[in-house]
Amino acid sequence: MAKAKTAKPPAHRPAYWLLKSEPDSYSIDDLRAAPHQTTLWDGVRNYQARNFLRDTMRIGDRAFYYHSGADPLAIVGTVEIVSAAYPDPTAFDKRDHHYDPKSDPENPTWFVVDVKLRQKFPHPVTREVLKSTKSLEGMMLLQRGSRLSVQPVTPQEWKTVLALAGVTDA
DNA sequence: GCCAACGTTGGC
DNA sequence: GCCAACGTTGGC
């Protein structure tokens, strides 16, 4: 019997993501001020976003930090995923806005990962600028009706946005 | 399983 | 504040 070739993980690690947050509830400056500039990304209550977060994200992945419901709407920096997924404690907290009585602690529905700030961009890359960049026209963020709060970003999109931000390392 | 009603997101 | 898009709920 032929020996199986050494299993190699897919070559495209780290993967890239975009995380949305309303700065009125948690901004990139809040993250910058947090202990170890790290927080748990809680409150995700959409199954598709949950699946990305729980099943596809890996430690070491990078993500853009996007301010939604804000002025300006913009990508404002980058974070690193620094934990595997674990159950979202806010789902079990009756007093929490994200409390979900249907989520069973023995079989949790909702998950979080820990994210650590890598950098706040010297200036935000606004939605206006993203929209006017031809090579980003396929970006999920910019698609009509796109509401996912955790979404994948391609390596090309990642590079392009960093260039727009005027940074080389993220 | 269908679908109408409702709630939420989030850009404008 | 408006409203389009989308997800969820629940009656049937």
Side-chain angles (χ1 to χ4, degrees), chain A residues 15-34 39-57 61-79 81 85-115 117-154 156-166 170:
Chain A
Y16 302 108
W17 306 93
L18 181 143
L19 301 173
K20 290 184 190 172
S21 183
E22 295 190 19
D24 286 347
S25 74
Y26 199 87
S27 72
I28 196 166
D29 289 325
D30 292 325
L31 177 59
R32 190 165 59 171
T39 192
L40 73 174
W41 201 261
D42 63 18
V44 171
R45 294 293 180 271
N46 169 284
Y47 286 98
Q48 199 180 349
R50 187 280 310 268
N51 291 346
F52 278 135
L53 186 148
R54 184 190 61 183
D55 304 333
T56 313
M57 267 187 186
D61 284 358
R62 305 292 170 80
F64 288 130
Y65 200 117
Y66 178 77
H67 280 172
S68 63
D71 189 15
L73 294 164
I75 295 174
V76 292
T78 63
V79 299
I81 311 306
Y86 59 97
D88 185 342
T90 67
F92 310 124
D93 180 354
K94 286 193 179 62
R95 298 175 314 266
D96 195 281
H97 182 244
H98 297 292
Y99 174 61
D100 179 4
K102 295 192 300 302
S103 182
D104 173 7
E106 298 303 310
N107 183 22
T109 307
W110 306 115
F111 289 79
V112 298
V113 292
D114 290 339
V115 303
L117 181 67
R118 283 195 60 90
Q119 69 168 315
K120 179 180 176 178
F121 289 156
H123 61 88
V125 180
T126 65
R127 186 177 183 88
E128 270 309 299
V129 166
L130 297 171
K131 280 197 296 189
S132 66
T133 302
K134 191 80 166 85
S135 58
L136 294 178
E137 65 186 7
M139 197 173 181
M140 188 180 288
L141 179 71
L142 303 178
Q143 304 313 301
R144 181 180 179 77
S146 167
R147 310 191 311 188
L148 265 190
S149 62
V150 177
Q151 47 181 261
V153 167
T154 69
Q156 290 78 6
E157 290 162 352
W158 183 263
K159 273 183 65 176
T160 300
V161 173
L162 291 188
L164 291 170

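It should be emphasised that the depicted structure is a prediction, and the values quoted were computed from it without experimental measurement.
A distance of 9.5 Å separates CH2 in A/Trp110 from CZ in A/Arg54, rounded to the nearest 0.5 Å.
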Under 3.5 Å, which protein N or O atoms sit close to an N or O of nucleotides 3-7 of chain C? Give each pair with its distance.
unit_1 : atom_1 : unit_2   : atom_2 : d
C/dA4  : O3'    : A/Arg144 : NH2    : 3.2
C/dA5  : OP1    : A/Arg144 : NE     : 2.7
C/dA5  : OP1    : A/Arg144 : NH2    : 2.1
C/dA5  : N3     : A/Arg147 : NH1    : 3.2
C/dC6  : O2     : A/Arg147 : NH1    : 2.9
C/dC6  : O2     : A/Arg147 : NH2    : 3.0
C/dG7  : O4'    : A/Arg147 : NH2    : 3.4

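A straight line from CD of A/Gln151 to P of B/dT9 spans 15 Å, rounded to a whole angstrom. For A/His97 and B/dT8, the NE2 to C1' distance is 10 Å, given to the nearest whole Å. For the pair A/Leu142 CG and B/dG11 P, the computed distance is 10 Å after rounding to whole Å. Atoms CG (A/Leu130) and P (B/dG11) sit 11 Å apart, rounded to a whole Å. Here C/dT8 presents its P atom at 10 Å from CZ of A/Arg50, a figure rounded to the nearest Å. Counting to the nearest Å, the C1' atom of B/dG10 and the OH atom of A/Tyr66 are 8 Å from each other. Protein atom CD of A/Glu22 is 8 Å distant from nucleotide atom P of B/dT9, rounded to whole Å. For the pair A/Leu141 CG and B/dG10 P, the interatomic distance rounds to 10 Å; values are reported in whole Å.
Ring centroid separation for the pair A/Trp17 and A/Tyr66 does not come in under the 6.0 Å cut-off. For an aromatic pair to be called close, the ring centres must be under 6.0 Å apart, and A/His97 with A/Tyr99 fails this.
Note that A/Arg62 lies outside the cation-pi zone of A/Tyr16, set by a 6.0 Å cut-off to the ring centre and a 45° limit from the axis.
A donor-acceptor pair shorter than 3.5 Å cannot be found between the side chains of A/Asp29 and A/Ser27.
Within 6.0 Å of the CD atom in A/Gln143, the count of heavy atoms belonging to other residues, nucleotides or ligands exceeds 12.
In this structure, A/Lys20 reaches the B/dG10 phosphate: one of its side-chain N or O atoms is under 4.0 Å from OP1 or OP2.
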